[in-house]
Amino acid sequence: MNRKLLLKNSLRIMFRNKLRTLFMSIGVMIGVGTLIAGQSLGSGAEQQLNQRVNKIFSPGSIMLVSGTLTNADVEAVEQQMEQVVASAARFGGGESEISYQGVNHKAAVFGHTVEGETVWNRSVIEGRYFTNSDMSKTARVALLGHRLSELLFGADGDPIGEEILIASVPFRVIGVLEPAGIDPHGEDRDEDIYIPITTAMRRLNNTEYIGIAKLLVSDLEQVDEDADQVSEILRKEHNIAPGEDEDFAIYSSEFVGRMVVKTNRVLNVYMVAAAGVVLLVAAIVIASIMLVVVRERVAEIGLRKALGATEQNIGFQFLIEVVSVTLVSGLLGVGLGLGAANLVSLFTGMPVIVTTDSIALGLGAAALVGIASGIAPARKAARLDPVEALR
Amino acid sequence: MIRLRNISKSYQRPGEGELKVLKDVSFDVERGEFVAIVGSSGSGKSTLMNILGLLDSPDCGEYELAGANVSSLSASELAGIRNSTIGFVFQQFHLLPRTTAIENVELPMVYSNTINGDTRKKAIDALCRVGLEERLTHYSGELSGGQQQRVAIARALINDPDIILADEPTGNLDQDSGRQIMDLFRKLNDAGSTIILITHDPELASQASRRVFIHDGRLSHAEAVMQSDRINMAFVSGSQPQGLSHE
Ligand SMILES: Nc1ncnc2c1ncn2[C@@H]1O[C@H](COP(=O)(O)OP(=O)(O)OP(=O)(O)O)[C@@H](O)[C@H]1O
Ligand SMILES: [Mg+2]
């Protein structure tokens with residue numbers, strides 16, 4: 001068999017019936033497009049979420065959250081666990097009114113320690129971070145997120161050394177925080193304001209409870225086990241009897257990482273399922289169109305058989321015709337999907353990650369749809385009796 | 001070239017029982033012959049041609065084609081023989097629609113295992129042989145009936161078949177075009193092609209070098225026909241063909 005000639009022949013036939021070919025393509029294009037867009041945005045979202053989560057839950061970190069957490073609790077953990085290499089408490093996060101020369105803005109106020117700069121992984125891009133002397137003096141100094149700084153001082157303003165009011169208490173601005181972007185909850189962390197934790201607890205809130213502490217452990221492989229040990233120490237510190245509910249919560253970076261992946265998987269599964277349904281419908285449409293095509297081309301099939309085509313030749317031809325249409329549609333679908341993903345990205349800022357795997361998956365799905373929907377028509381054509389077909 | 005022995009073919013008609021279409025047909029064709037099979041409508045001509053062309057198989061009897069007993073061959077072997085040994089010409093032309101003359105003529109080469117090289121050039125040569133050098137890239141719909149049939153003949157010739165089987169090739173043509181087609185067949189026969197022409201028209205058949213009559217599924221063999229003497233025929237056997245006057 002002269003495959004080149006047959007392929008030329010078949011492609012011409014498919015190209016001739018443009019409208020019909022379009023109907024056959026559309027489902028595959030949408031299905032593959034959905035698949036590709038879903039995969040690309042999904043990978044992008046996963047990467048973005050991971051980056052955001054990693055900023056707070058950097059690998060090897062454990063977070064203690066409790067309304068009754070004290071510095072003594074954290075010290076107890078640090079003393080009893082040598083694998084804890086660093087820790088930093090963080091206070092608050094409640095909103096307060098910030099004002100500068102009549103410009104008012106609400107912002108989340110956090111109390112941070114000196115160690116917070118490294119443990120919480122956020123330094124300054126201008127000015128200086130807190131010092132031990134700020135802590136001991138409960139100094140009224142503040143670090144601004146760069147968005148908040150812009151809101152108060154304008155884009156070109158210099159906030160360093162200026163005096164602002166936090167809940168009517170005057171503070172001096174000593175630095176601007178590194179950009180942190182949007183956190184996993186959707187809050188803009190660049191509108192935050194940091195003050196020394198001692199100032200926040202004693203001057204502003206008059207409380208002993210720190211709220212949150214972050215621990216860094218030495219062995220990334222042992223984070224889950226370490227978290228369990230922290231939990232035991234805290235139960236003792238808080239005098240919680242066995243079986244009684246804890247008044248604290250502990251999250252490890254491992255645990256959060258697993259949650260992120262799981263949420264993303266669920267999203268991905270929905271997209272894949274939606275694409276699957278579209279492709280299934282496409283396959284049914286293509287199969288029924290091709291059955292009609294076979295009926296229309298009965299005389300051609302009979303003629304080809306008379307001219308020496310075997311059953312395999314005829315079946316192969318119809319399969320090739322369908323698969324070439326679905327493959328080309330698949331390619332267009334990949335383009336469509338990437339276009340849609342980039343459009344979504346343009347409006348939402350979500351990153352798009354294109355992997356060869358996802359493109360291979362899309363084209364594979366297109367070929368599969370072609371084969372699945374082409375088999376019945378191809379068999380029907382192959383088995384036509386040439387005598388009846390030519391009558 | 002062709003040797004048929006005691007071929008029978010019948011169709012099962014639900015409710016009506018068996019319909020015998022070919023009855024004990026024996027028939028030989030030598031290489032280079034131009035044989036006409038003549039018979040009225042429903043006499044079994046096309047059924048016979050389908051068997052000769054390996055598109056259908058007989059219920060019983062023997063068929064030898066170019067020395068091979070075809071009853072023992074598989075479906076794909078038969079397809080291969082159709083491709084290389086037989087050239088079909090149909091009453092309805094059976095050209096592919098919206099396809100150029102060249103591409104129509106190329107079609108048998110798609111299924112050929114032996115043809116290689118420039119299929120397009122071969123197609124053009126074949127079209128020149130049937131006098132269509134001016135219509136190479138015309139679509140089937142842009143050709144007259146006679147031209148379409150000549151494309152079909154070029155297609156039948158393309159793989160250098162041993163036999164050309166033509167079933168009522170002029171049936172859908174006016175007299176002039178029909179005459180051209182017959183001239184073409186005679187020229188091809190002069191050049192060595194073996195041709196079997198199937199027709200209901202005894203006059204057309206008289207242009208063949210030999211006529212065989214089929215009536216109600218039985219063959220009757222006539223002696224060679226002289227161009228000038230179409231009516232005086234000595235039948236070797238069987239009944240007088242339909243459509244001829246009694247003398
Ligand atoms: N598949 C079939 N089933 C039942 N009967 C059939 C079938 N094919 C042909 N016949 C019958 O066999 C007989 C011979 O048919 P055939 O087509 O060979 O005739 P023909 O000589 O070619 O006639 P025409 O000149 O009209 O083409 C007819 O009576 C026809 O009805
Ligand atoms: Mg007939």
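Just so we're on the same page: letters track the sequence lines, and every chain starts at 1. These numbers were taken from a predicted model, which means no experiment stands behind them.
For chain B, no part of R297(A) is nearby; none of its heavy atoms comes within less than 4.5 Å. For chain B, no part of E388(A) is nearby; none of its heavy atoms comes within less than 4.5 Å. Heavy-atom distances place no part of T47(B) under 4.5 Å from chain A, backbone and side chain included.
Looking only at distances, no side-chain donor or acceptor of R304(A) sits under 3.5 Å from a matching main-chain atom of I314(A). Here the side chain of R82(B) pairs a donor or acceptor atom with the backbone of K305(A) at under 3.5 angstrom.
Aromatic ring pairs are classed by plane angle as parallel below 30°, tilted from 30° to 60° and perpendicular above 60°; the pair F90(B) and H94(B) is perpendicular.
N342(A) and S345(A) share no side-chain donor-acceptor pair at under 3.5 Å.
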